[in-house]
Amino acid sequence: MEGAVDGAEEHLIGEAEKIATALGRMFPGLCEVVLHDLRDPRHAVRAIENSLSGRQVGDSATELGLARIADPEYPSVIQNYPNRFPDGRPAKSTSIGIKNSAGEYIAALCLNLDVSVLSPVTLALANLVATGTEHREQPLETLRDRNTRELRRVVEELAAERAAAPRSLSRQDKKALVRQLHQDGYFDSRDAAQTIADLLGVSRATVYNYSK
């Protein structure tokens, strides 16, 4: 029975993947379309078209995805909410949750429209770039791999244990911190070395030297 359930879910997500691909190819360079497999939140990105956020297949779920996993009553559709890409560009987003026959969220189809490229014709496209008002106070999610945020948190916590900000640590403390991160497996995530380098104010090569 379990195999039949898994097969039905896989079929449903496979059909959603077709939709994600078609939508993305309809708006090349303008709208990022992401299909999240919420059954595996650490590697949730199942498909992505027009990766304006820099994410890749296999990256982790956003805060919105985690909220749906935790709460089956979370709204199925969150539409036209303001968002922002990692490089600062404004986005207009819509997220559609997909449930299995048991009423559990197993996937989410998300569209992130790059409204910055529409600025020359803002007046003519005012309705297109408008976002809802109920989500203005705090962003619902961050359009990047969660592993980067987790790594930043860990670096800041390890630095706080030494009563300093990451960039203010001594050379020896930075070396010890990097070795700790390497030992704990944080170098397995994408762009981890560059993220650590930026946080500590050193070069990527220095980070690799510290990790030896």
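Treat the numbers as computed from the prediction; the structure is a model and nothing was measured. For reference, positions follow the sequence shown, starting with 1.
Between Leu66 and Pro41 the shortest heavy-atom distance is CD2-CB, 4.0 Å. Closest of all the heavy-atom pairs between Ser95 and Leu64 is CB-CD1, 3.9 Å. The shortest non-hydrogen separation linking Pro72 to Gly103 is CB-O, 3.7 Å. Glu49 and Ala20 get closest at one heavy-atom pair: CG-O, 3.8 Å. Closest of all the heavy-atom pairs between Asn80 and Lys92 is OD1-CE, 3.0 Å.
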Could you please spell out the steps behind the side-chain contact (heavy atoms from CB on, under 4.5 Å) verdict for Leu30 and Asn50? CA-CA 7 Å; Leu30 180 63; Asn50 306 321; over 6 Å; no
Do His43 and Asp59 pass the side-chain contact (heavy atoms from CB on, under 4.5 Å) test, and can you show the C-alpha distance, the side-chain angles, and the key distance before you say yes or no? CA-CA 5 Å; His43 307 93; Asp59 280 350; over 6 Å; no
When you look at Leu200 and Val178, which way does the side-chain contact (heavy atoms from CB on, under 4.5 Å) test go after all the steps? CA-CA 9 Å; Leu200 297 182; Val178 169; 3.7 Å; yes
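Contact check for Thr206 versus Lys174: no side-chain heavy atoms found under the 4.5 Å cut-off. Residues Ile98 and Leu12 meet the side-chain proximity criterion, which asks for heavy atoms closer than 4.5 Å. For the pair Val33/Ile19, no side-chain contact is recorded, criterion being any heavy-atom separation below 4.5 Å from C-beta on. Two residues are said to be in side-chain contact when any heavy atoms from C-beta on lie closer than 4.5 Å; Gln56 and Val45 fail this criterion. Proximity of Tyr210 to Arg171: side-chain heavy atoms (C-beta onward) are separated by under 4.5 Å at one or more points.
To the nearest 0.5 Å, atom CG of residue Leu35 and atom CD of residue Glu17 are 6.0 Å apart. In this structure, CZ on Arg55 lies 4.5 Å from CD on Glu32, to the nearest 0.5 angstrom. For the atom pair CG (Leu109) and OG1 (Thr94), the distance works out to 10.0 Å, reported to the nearest 0.5 Å. A distance of 14.5 Å separates SG of Cys31 from CZ of Arg25, quoted to the nearest 0.5 Å. Atom CZ of Arg68 sits about 9.5 Å away from atom NZ of Lys99, to the nearest 0.5 Å. The distance from atom NZ of Lys175 to atom OG of Ser211, rounded to the nearest 0.5 Å, is 10.0 Å.
With Arg179 contributing its side chain and Lys212 its backbone, the two residues share a donor-acceptor pair below 3.5 Å. Without hydrogens or angle criteria, Arg39 side chain to Ala107 main chain gives no donor-acceptor distance under 3.5 Å. When atom types are taken as modelled, the side chain of Tyr105 and the backbone of Ser76 share a donor-acceptor pair closer than 3.5 angstrom.
Using a 4.0 Å cut-off between charged nitrogen and carboxylate oxygen, Glu156 and Arg153 do not count as a salt-bridge pair. Ion pairing between a basic and an acidic side chain is recognised when a charged N comes within 4.0 Å of a carboxylate O; Arg46 and Glu15 show no such pairing.
Clustering ILVMFWY residues whenever any of their side-chain heavy atoms sit less than 4.5 angstrom apart, transitively, puts Leu151 in the very cluster that holds Val202. Grouping the Ile, Leu, Val, Met, Phe, Trp and Tyr side chains by contacts below 4.5 angstrom, directly or via other members, places Tyr81 apart from Ile96.
Atom CD of Glu157 has more than 12 neighbouring heavy atoms from other residues, nucleotides or ligands inside a 6.0 Å radius.
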